[in-house]
Amino acid sequence: MDQAQDRIEIPQVTYHGDDKKLKERVSKFKAGTLRIVIFTIVGLFMGYYSHTYVTDPFFPTKLITAIPYKVMEAIYGSILHVDTMVSREFWGYTLEWEFFPYSALANPLAEPFTTMLIGGAIYGSFAYFTGDKRVFTLQRFLKFAGGWCALILLVAGLAFGMNAKAKADNENFGEVDHFFFHSETGGSSVAGSGSEQGEMVRQRFYSELAPVDLVRDMKGELPLGIYFDGGLRYGLYQVNYEMQYVVTEGGKIYHISKEFAQLVEDYVEKGIHPCRETREVAE
């Protein structure tokens with residue numbers, strides 16, 4: 001064993017580097033990393049408040065603030081547009097969801113969460129570009145940017161998935177929270193939930209609800225908004241009170257009771273609210 005160790009020759013390597021340069025790079029790496037973290041945090045806050053650009057009268061700050069919001073709008077409004085029949089004309093009284101009309105939970109993922117991520121990615125990247133190129137190389141930046149892009153796409157995919165699931169659930173109605181009645185003049189009335197009158201409206205809606213095969217009379221149809229799950233999910237349907245049916249966005253036709261059809265007719269023709277605890281909105 002001792003003879004084998006004697007035969008092992010350990011090479012002697014002389015370090016020719018400059019300790020001063022190495023320490024300088026380590027120092028620049030720490031300082032640059034701290035700057036990136038600070039810029040990223042600032043970007044997150046800028047993204048959260050980016051919607052306020054519309055009220056900023058000073059153009060330079062307005063432009064800087066608007067960048068995360070406009071990128072987010074491009075993602076959800078143009079690149080990954082949601083196909084829906086729910087237009088602003090037929091939104092309910094609490095429906096202020098900018099991009100996802102079916103799911104209230106999907107919208108915070110777009111605004112403000114996605115705008116925050118975009119702000120962090122943009123301003124964090126700016127810190128990368130202003131750092132020492134010997135330390136913060138292009139390869140490192142691509143990894144940094146790729147991570148942000150993957151996270152933003154993940155959040156966007158989750159938002160679209162939640163909205164798609166809500167839209168699919170609307171085809172089966174589920175547990176109705178309250179209704180949003182429309183008239184030809186644009187007036188709207190909500191059959192309130194959590195009350196005896198509201199429960200009566202729901203019971204009349206469900207009493208004879210069943211799939212039916214018939215030829216639609218689209219000229220006699222009116223929009224009917226329905227909220228589900230405590231108002232977190234919204235669906236827009238077409239109701240024909242004369243022929244007693246309601247149509248889902250997917251084209252499924254359901255028979256409704258004469259009593260519920262009468263509630264719709266009374267509101268449309270006579271302006272009679274379906275129940276006392278209602279809210280009327282003029283469009």
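Residues: numbered from 1 along the sequence shown. Being a predicted model, the structure only gives us computed values, none of them experimental.
The two residues V155 and L109 have their closest heavy-atom pair at CG1-O, 3.6 Å. The two atoms that bring Y245 and M218 nearest to each other are OH-N, 4.3 Å, heavy atoms only. Heavy atoms only, all atoms of each residue included: Y234 and G225 are closest at OH-CA, 3.5 Å. When all heavy atoms of P68 and Y123 are compared, the closest pair comes out as CG-CE1, 4.5 Å. When all heavy atoms of P211 and Y254 are compared, the pair lying nearest together is N-CD2, 3.6 Å. Contact record, L209 with F205: CB-O, 3.6 Å, taken as the closest heavy-atom pair.
Tested against Y102 for a side-chain contact (heavy atoms from CB on, under 4.5 Å), the candidates K165, E249, M162 yield a single pass: E249. Screening K167, Q238, E171 for a side-chain hydrogen bond (donor to acceptor under 3.5 Å, both in side chains) involving T248 leaves a single residue, E171. Screening I67, I64, L117 for a side-chain contact (heavy atoms from CB on, under 4.5 Å) with I122, the sole residue that qualifies is I67.
Between atom CD of residue Q203 and atom CD of residue E259 there is a gap of 11.5 Å, rounded to the nearest 0.5 Å. In this structure, the separation between CD1 on I226 and CZ on F181 is 8.5 Å, given to the nearest 0.5 Å. Within the model, atoms CE of M46 and OG1 of T52 stand 8.5 Å from one another, a figure rounded to the nearest 0.5 Å. The NZ atom of K252 lies 10.0 Å from the OH atom of Y237; values are rounded to the nearest 0.5 Å. Taken to the nearest 0.5 Å, the NE2 atom of H51 stands 12.5 Å off from the CD atom of E73. If you take CD on Q244 and CD on E265, they are separated by 10.0 Å, rounding to the nearest 0.5 Å.
With a 4.5 Å cut-off on side-chain heavy atoms, P112 and Y48 count as touching. Two residues are said to be in side-chain contact when any heavy atoms from C-beta on lie closer than 4.5 Å; V264 and I256 fail this criterion. Side-chain contact between F173 and V246 is present, with at least one heavy-atom pair separated by less than 4.5 Å. Using a 4.5 Å heavy-atom cutoff, the side chains of I75 and I152 are in contact. For the pair F260 and L224, the minimum side-chain heavy-atom distance is below 4.5 Å. Side-chain contact between Y241 and L222 is present, with at least one heavy-atom pair separated by less than 4.5 Å.
Hydrophobic clustering, with ILVMFWY side chains joined whenever heavy atoms are under 4.5 angstrom apart, groups V71 together with V54. By the rule that hydrophobic residues join a cluster once side-chain heavy atoms approach within less than 4.5 Å of another member, L63 and I118 end up as members of separate clusters. Cluster annotation: I253 is not connected to V176 through the hydrophobic network of ILVMFWY side chains, with a link wherever side-chain heavy atoms come within less than 4.5 Å. Under the 4.5 Å side-chain heavy-atom criterion for grouping Ile, Leu, Val, Met, Phe, Trp and Tyr, W148 is connected to L158 within one hydrophobic cluster.
Remark: side-chain polar atoms of E242 are not paired, donor with acceptor, to backbone N or O of G220 under 3.5 angstrom. With S103 contributing its side chain and N163 its backbone, the two residues share no donor-acceptor pair below 3.5 Å. Judged purely by atom type and a 3.5 angstrom limit, S257 uses its side chain to pair as donor or acceptor with the backbone of R204. In this structure, the side chain of R202 does not engage the main chain of H178 through any donor-acceptor pair within 3.5 Å. Side-chain atoms of D217 do not come within 3.5 Å of backbone N or O of M243 as any donor-acceptor pair.
Between Y76 and F160, the ring planes lie parallel to each other; the angle is under 30°, not in the 30° to 60° tilted range.
In this structure, the ring of F179 has its center no less than 6.0 angstrom from the ring center of Y267.
Counting non-hydrogen atoms of other residues, nucleotides and ligands closer than 6.0 Å to CZ of F113 gives a total of 12 or fewer.
There is no side-chain donor-acceptor pair under 3.5 Å between E111 and N107. Judged purely by distance below 3.5 Å, without hydrogens or angles, the side chains of R216 and N240 never pair a donor atom with an acceptor atom.
Pairs of residues two or more places apart, or lying in two chains, that qualify as side-chain hydrogen bond (donor to acceptor under 3.5 Å, both in side chains) and include a residue from residues 54-67 are D56-T61.
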